[in-house]
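All remarks here apply to the structure that follows.
Residue numbers begin at 1 in each chain, while the letters A, B, ... track the order of the sequences. Hydrogens, waters and symmetry mates are skipped; everything else that's a heavy atom, side chains included, is used.
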There are 2 protein chains.
Amino acid sequence: MQPATAITDTDAAIASGFERFYETLRRLTPRGPLSLTAASTLRRLERSGPHRLSELYAPEGISQPAMTQLVTRLEKEGLAERTDDPTDGRAVVVSITDAGRAAVAHRRAVRAAALSELLQGLTPEEHAAVVAALPALEKLSDFAAERAT
Amino acid sequence: MQPATAITDTDAAIASGFERFYETLRRLTPRGPLSLTAASTLRRLERSGPHRLSELYAPEGISQPAMTQLVTRLEKEGLAERTDDPTDGRAVVVSITDAGRAAVAHRRAVRAAALSELLQGLTPEEHAAVVAALPALEKLSDFAAERAT
DNA sequence: CGTCATTCATAAGCTGGTGATATAAAAGGG
DNA sequence: CCCTTTTATATCACCAGCTTATGAATGACG
């Protein structure tokens with residue numbers, strides 16, 4: 001009996017390639033003051049505005065106490081801030097600060113520079129192939145984000 | 001004054017796309033018994049055979065004591081094993097066990113299944129674009145690996 | 001062989017996560 | 001209107017996996 005979703009050889013090759021590429025990306029921004037989750041959360045706040053704490057922890061894949069602590073840390077470093085929700089006394093609204101935006105931008109620039117260096121080793125054809133695949137990769141990210149809802 | 005490596009708009013777009021896609025991949029294999037580094041190390045042992053401990057920690061981006069501890073954990077779980085190097089009494093040779101190979105295979109299968117599901121949402125053209133970009137991604141990984149030497 | 005280098009292990013401490021539980025506000029039924 | 005239940009966040013105790021500093025054992029070599 002086949003599993004519900006049979007995996008083709010092509011898809012297996014994609015998975016294998018992505019597996020290695022993931023490790024490459026992981027090491028491309030070696031060590032900063034921000035954890036992976038911290039950076040990801042800041043990017044989310046930058047990208048889609050303030051959120052309640054309860055809307056943050058699930059999509060980031062961590063528990064609610066972990067997000068409470070993360071926000072506390074970010075607040076202590078001046079990268080994010082807590083605000084009371086006037087319509088709900090229990091809730092807390094988290095938003096990114098200017099310093100937070102700057103931190104995200106810096107991290108992004110460092111990674112882009114390292115990546116750019118690698119990209120220079122590609123032939124024009126390979127470079128074009130990467131560019132051509134970008135919309136598909138974005139679409140995959142969209143799917144994954146939806147599914148997490 | 002321009003930085004040594006000026007970054008084109010295209011490369012910035014690639015970096016931006018990769019940034020998001022990285023997060024997608026990160027959440028695609030949610031929670032296993034293996035840490036990211038543990039899984040990566042096992043894959044390395046599987047892919048390129050036994051290694052001395054000192055050859056492992058740098059490419060994995062962790063300190064030597066961290067690798068000692070990681071190998072101890074992997075050994076305790078039966079996924080890897082230590083052997084004495086007959087030619088050097090100080091050295092330790094680490095190799096993957098059958099159980100380790102099975103763990104890697106399982107993890108790979110889980111990720112491949114999740115990814116395959118996402119891939120089904122792509123049009124044939126998008127799917128082909130991803131496949132076409134794979135060699136370039138692999139080359140980027142090779143570059144990054146070299147640079148770490 | 002005595003000294004220095006290399007290889008791995010150990011120790012102590014930090015960061016970022018977990019589950020269980022506390023606190024406080026909102027919601028809702030009788 | 002209470003009283004109970006649910007929801008939103010915080011706190012607590014604990015653990016995994018990393019760090020730096022250091023130790024122990026073997027190898028290399030003048």
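For B:Asp85, the side-chain hydrogen bond (donor to acceptor under 3.5 Å, both in side chains) partners two or more places apart in sequence, or in a different chain, are B:Thr87.
Residues of residues 87-94 of chain B that place a heavy atom closer than 4.0 Å to DNA chain C, in numerical order, are B:Arg90, B:Ala91, B:Val92.
A:Glu60 and A:Ser40 share a side-chain donor-acceptor pair at under 3.5 Å. A donor-acceptor contact closer than 3.5 angstrom is absent between the side chains of A:Gln64 and A:Ser54. When only modelled atom types and interatomic distance are considered, A:Arg111 and B:Ser16 share no side-chain donor-acceptor pair under 3.5 Å. Judged by distance alone, the side chains of A:Arg82 and A:Ser95 never bring a donor and an acceptor atom under 3.5 Å apart.
The side chain of B:Ser54 places an N or O atom within less than 4.0 Å of a non-bridging phosphate oxygen (OP1 or OP2) of C:dC8.
A salt bridge does not link A:Glu46 to A:Arg43: none of the charged nitrogens lies less than 4.0 Å from a carboxylate oxygen. Between B:Arg90 and B:Asp84, no side-chain nitrogen of the basic residue sits less than 4.0 Å from a carboxylate oxygen of the acidic one, so the salt-bridge criterion is not met.
Protein atom NZ of B:Lys76 is 13 Å distant from nucleotide atom C1' of C:dA9, rounded to whole Å. Between the P atom of C:dA24 and the CG atom of A:Leu53 lies a distance of 18 Å, rounded to the nearest Å. Put simply, CZ on A:Arg82 is 16 Å from P on D:dA8, counting in whole angstrom units. Distance B:Glu55 CD to C:dT7 P: 9 Å, rounded to the nearest Å. Look at CG on B:Leu56: it is 13 Å from P on C:dT7, rounded to the nearest Å. The nearest whole Å value for the distance from the CG atom in A:Asp85 to the C1' atom in D:dT7 is 13 Å. Rounded to a whole Å, the NE2 atom of B:His51 is 15 Å from the P atom of C:dT7. Taking atom CG of A:Asp84 as the reference point, atom C1' of D:dA8 lies 12 Å away to the nearest angstrom.
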Between the protein and nucleotides 15-19 of chain D, list every N/O to N/O distance that falls short of 3.5 Å.
| from | atom 1 | to | atom 2 | distance (Å) |
| --- | --- | --- | --- | --- |
| D:dG17 | OP2 | B:Arg73 | NE | 3.4 |
| D:dG17 | OP2 | B:Arg73 | NH1 | 3.3 |
| D:dG17 | O5' | B:Arg73 | NH1 | 3.4 |
| D:dC18 | OP1 | B:Thr37 | OG1 | 3.0 |
| D:dC18 | OP2 | B:Arg73 | NH2 | 3.1 |
| D:dC18 | N4 | B:Gln69 | OE1 | 3.3 |
| D:dT19 | OP2 | B:Ser63 | N | 2.8 |
| D:dT19 | OP2 | B:Ser63 | OG | 2.5 |
| D:dT19 | O4 | B:Gln69 | NE2 | 3.1 |

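The two residues B:Ala38 and B:Leu70 have their closest heavy-atom pair at CB-CD1, 3.6 Å.
Using a 30° and 60° split on the angle between ring planes, A:Tyr22 and B:Tyr22 fall in the parallel class, below 30°.
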